[in-house]
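Reading through the structure tokens given below for one structure.
Order of listing sets the numbers, starting from 1, for every ligand and every atom in it.
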Amino acid sequence: METVIKGGMIITDKECFKGDILIAGEKIAAVSDSISEQGREVLDASGQYVFPGFIDAHTHFDLEGACRTADDFYTGTRAAIIGGTTTILDFATQDRGVSSLEALQKWHVKADGISSCDYGFHMSFTEWNENLACELPVLAGMGVTSFKLYMAYKNLMVDDDTLAKVMAAVKVTGGITGVHCEEGDRIDQNIQKLLKEGHTSPRYHPVSRPPETEAAAIRRCIRAAQRAGAPVNIVHLSTKAGLEEVRKARLEGQKVYVETCPQYLLLDDRSYDTKSEFEGAKYVLSPPLRKPEDRESLWKALADNTVNTIGTDHCSFNFSGDKELGIKDFSKIPNGIPGVEHRPALLYTYGAMQGKISLNRMVELLSVNPAKLFGLYPRKGTLQAGSDADIVIWNPESEWEIRAEDQIQNVDYTPYEGMKADGRARTVFLRGVKIVDDYKIISEKKGKYIHRGKSIPF
Ligand code: URP
Ligand code: ZN
Ligand code: ZN
Ligand code: ZN
């Protein structure tokens, strides 16, 4: 049976208006001021906001390093949908000497059949050679149209020449390259020096990765993109200095996209000054949390369009056990924090409700822009006839508190513990199926792999 979502305040990137949405099968059939209820199931959305399903284009589920992430695709995507996120893009990694097609297959095995939201994969290359150059168009044909390169982490990082070569090859396929911009070699030297001086606690993690290690890497990355004549996406940008590099490049006509994450908007390096020495491990991620000034400059950059998307970089490790691997040496603390469950509520509460961004801008940052950049638009990210019926009915009156003991994500803490939230996803549809109702998951494992197309420039 068709469903009409009746009388909600529909929020798109351009407007807010009271209206109805008709769902037929997996798709949105119509959006208008008034749609007949006759012969249809009716969902009363009066007093609620209606958003397009949110997209988190930056997750790491079921990732193995020194230990495995606390969330896999089962728990991570359940956490996504309870918060209103209906599509995630995760990172498959091509290990050195291994085919990227093999890596893609491995990530399908991790995700297929157990995911509760739709999903796709970026491919991270850790090297570049003829074989990979041949595989790249094959990946694009399989719906993998976005790629990531690392400038930090010994086992992942590539040099500037490789950056430029991959960006040029990706451009030919119509895809987009994302880059983790931190100067790996300089950071490794800093770490060795700090450890030698006996500085082993988590508070030295940010000391080893100062803002200049991000800004300098962004500068090099932008130069590589210029040589390649290709667009580039700076992922998880965290500093004011980094934003300035991007603004300079744009003034010179370069196409540079920017992602930031809730943690860089809402937390800062005071989190490392904890009562117990090791508690700061909860906030060990890379890039690290920055200064309050950096937070402020990122909020401004959201408002003035310097930042284009907000992903979480959800990479969860339990404090007990996992993070404790680094109890004697901060450089052995697994890097990453959780966030996939709380991103929409955080941006709604601390962005839209505090007047820092409009609701339309929130939709742009969490839905429309990631959909365009990553080849999902207009299938995903928008409320219009013909799009997938991925819809979030949001109760703006719901006041709640973020607490680890209440969360769905499978990790023993949240970096946002005790923070208040002002709104919440009440009902969520994924391709026309109600998967969350009354704040509870009612249908799981309905997620599908999404075959993505070319990146749409904006
Ligand atoms: O600390 C982080 N961010 N871990 C995840 C991997 C990455 O660099 O995105
Ligand atoms: Zn698959
Ligand atoms: Zn990264
Ligand atoms: Zn990441």
Side-chain angles (χ1 to χ4, degrees), residues 55-72 76 80 88-95 107 119-126 146-158 163 166 176-184 187-188 191 202 205-206 208-209 213-214 217-218 221 232-239 242 257-265 267 269 271-272 280-290 309-319 322-323 325-326 330-340 343 370 374 409 411 413 415:
I55 298 168
D56 188 344
H58 196 148
T59 68
H60 302 273
F61 297 149
D62 202 353
L63 187 70
E64 293 160 83
C67 58
R68 191 181 283 269
T69 50
D71 282 295
D72 61 12
I88 61 104
L89 298 179
D90 203 86
F91 291 87
T93 303
Q94 172 269 332
D95 292 321
W107 257 263
Y119 56 95
F121 306 112
H122 311 280
M123 181 59 66
S124 302
F125 291 118
T126 58
S146 50
F147 302 87
K148 183 177 180 186
L149 298 168
Y150 290 83
M151 297 176 76
Y153 303 128
K154 277 263 178 291
N155 58 327
L156 302 171
M157 64 198 255
V158 298
L163 289 179
V166 174
I176 183 79
T177 308
V179 182
H180 176 125
C181 291
E182 284 190 300
E183 292 208 290
I187 289 165
D188 289 339
I191 291 171
H205 172 70
S208 72
R209 312 175 98 92
T213 57
E214 179 178 78
I218 290 176
C221 165
V232 65
N233 182 33
I234 313 290
V235 299
H236 49 50
L237 187 148
S238 64
T239 57
Y257 297 97
V258 173
E259 173 204 64
T260 194
C261 312
Q263 55 269 29
Y264 303 120
L265 294 161
L267 306 173
D269 65 357
S271 291
Y272 299 110
K282 289 180 177 173
Y283 305 93
V284 167
L285 81 161
S286 295
L289 300 179
R290 303 298 189 180
T309 63
I310 298 175
T312 55
D313 199 5
H314 180 104
C315 188
S316 57
F317 293 100
N318 284 314
F319 180 65
D322 301 342
K323 292 278 186 183
L325 288 171
F330 71 86
S331 74
K332 298 210 160 58
I333 299 168
N335 275 215
I337 65 169
V340 72
R343 176 188 63 142
F374 298 113
Q409 48 197 16
V411 54
Y413 78 101

Report summary line: Tested for side-chain hydrogen bond (donor to acceptor under 3.5 Å, both in side chains) against S286, the lone hit among H236, H180, R209 is R209
Query raised in the report: Where the side chain of D71 meets the backbone of S316, is there a donor-acceptor pair that is under 3.5 Å apart?
Result: no
Report summary line: Here the atoms of ligand 1 under 4.0 Å from any heavy atom belonging to H58 are 9 (O)
Requested in this report: Check whether any side-chain heavy atom of P262 sits under 4.5 Å from a side-chain heavy atom of I310, and report yes or no.
Outcome: yes
Query raised in the report: Are the side chain of D72 and the backbone of A70 linked by a donor-acceptor contact shorter than 3.5 Å?
Result: no
Query raised in the report: Got E182 and Y150 here, is their nearest side-chain heavy-atom distance under 4.5 Å?
Result: no
**Report entry** Subset of ligand 1 atoms that lie under 4.0 Å from at least one heavy atom of L285
**Finding:** 1 (O)
Query raised in the report: In ligand 1, which numbered atoms sit nearer than 4.0 Å to a non-hydrogen atom of H236?
Result: 8 (O), 9 (O)
Report summary line: At a cut-off of 2.8 Å, protein N/O/S around the Zn ion (ligand 4) gives H58 NE2, H60 NE2, D313 OD1
**Report entry** Working for ring pair (Phe, Tyr, Trp, His ring centres under 6.0 Å), residues F374 and H122
**Finding:** CA-CA 9 Å; F374 298 113; H122 311 280; 5.1 Å; yes
**Report entry** Ligand-side contact atoms (ligand 1) for residue partner Y150, heavy atom cut-off under 4.0 Å
**Finding:** 8 (O)
Report task. Answer whether the closest heavy-atom distance between the side chains of Y264 and T239 falls below 4.5 Å. Result -> no
Query raised in the report: At a non-hydrogen distance cut-off of under 4.0 Å, which region of Q263 contacts ligand 1 (side chain, backbone, both, or neither)?
Result: neither
Query raised in the report: Atoms of ligand 1 less than 4.0 Å from H60 heavy atoms?
Result: 5 (C), 6 (C), 7 (C), 9 (O)
Query raised in the report: For ligand 1, which atoms, with element, lie under 4.0 Å from some heavy atom of K148?
Result: 7 (C), 8 (O), 9 (O)
Query raised in the report: Between the main-chain N or O of K282 and the side-chain N or O of Y413, is there a donor-acceptor pair closer than 3.5 Å?
Result: yes
Query raised in the report: Counting only heavy atoms, which portion of N335 has something under 4.0 Å from ligand 1: side chain, backbone, both, or neither?
Result: both
Query raised in the report: When you measure from atom 1 (O) of ligand 1 to every protein heavy atom, which one gives the shortest distance, and what is it?
Result: S286 N, 2.8 Å
Requested in this report: Check F91 against ligand 1 and report side chain, backbone, both or neither, counting heavy atoms closer than 4.0 Å.
Outcome: neither
Report task. Would you confirm whether K148, through its side chain, and M123, through its main-chain N or O, come within 3.5 Å as a donor-acceptor pair? Result -> no
Query raised in the report: Side-chain contact, heavy-atom cut-off 4.5 Å: Q263 with P415?
Result: no
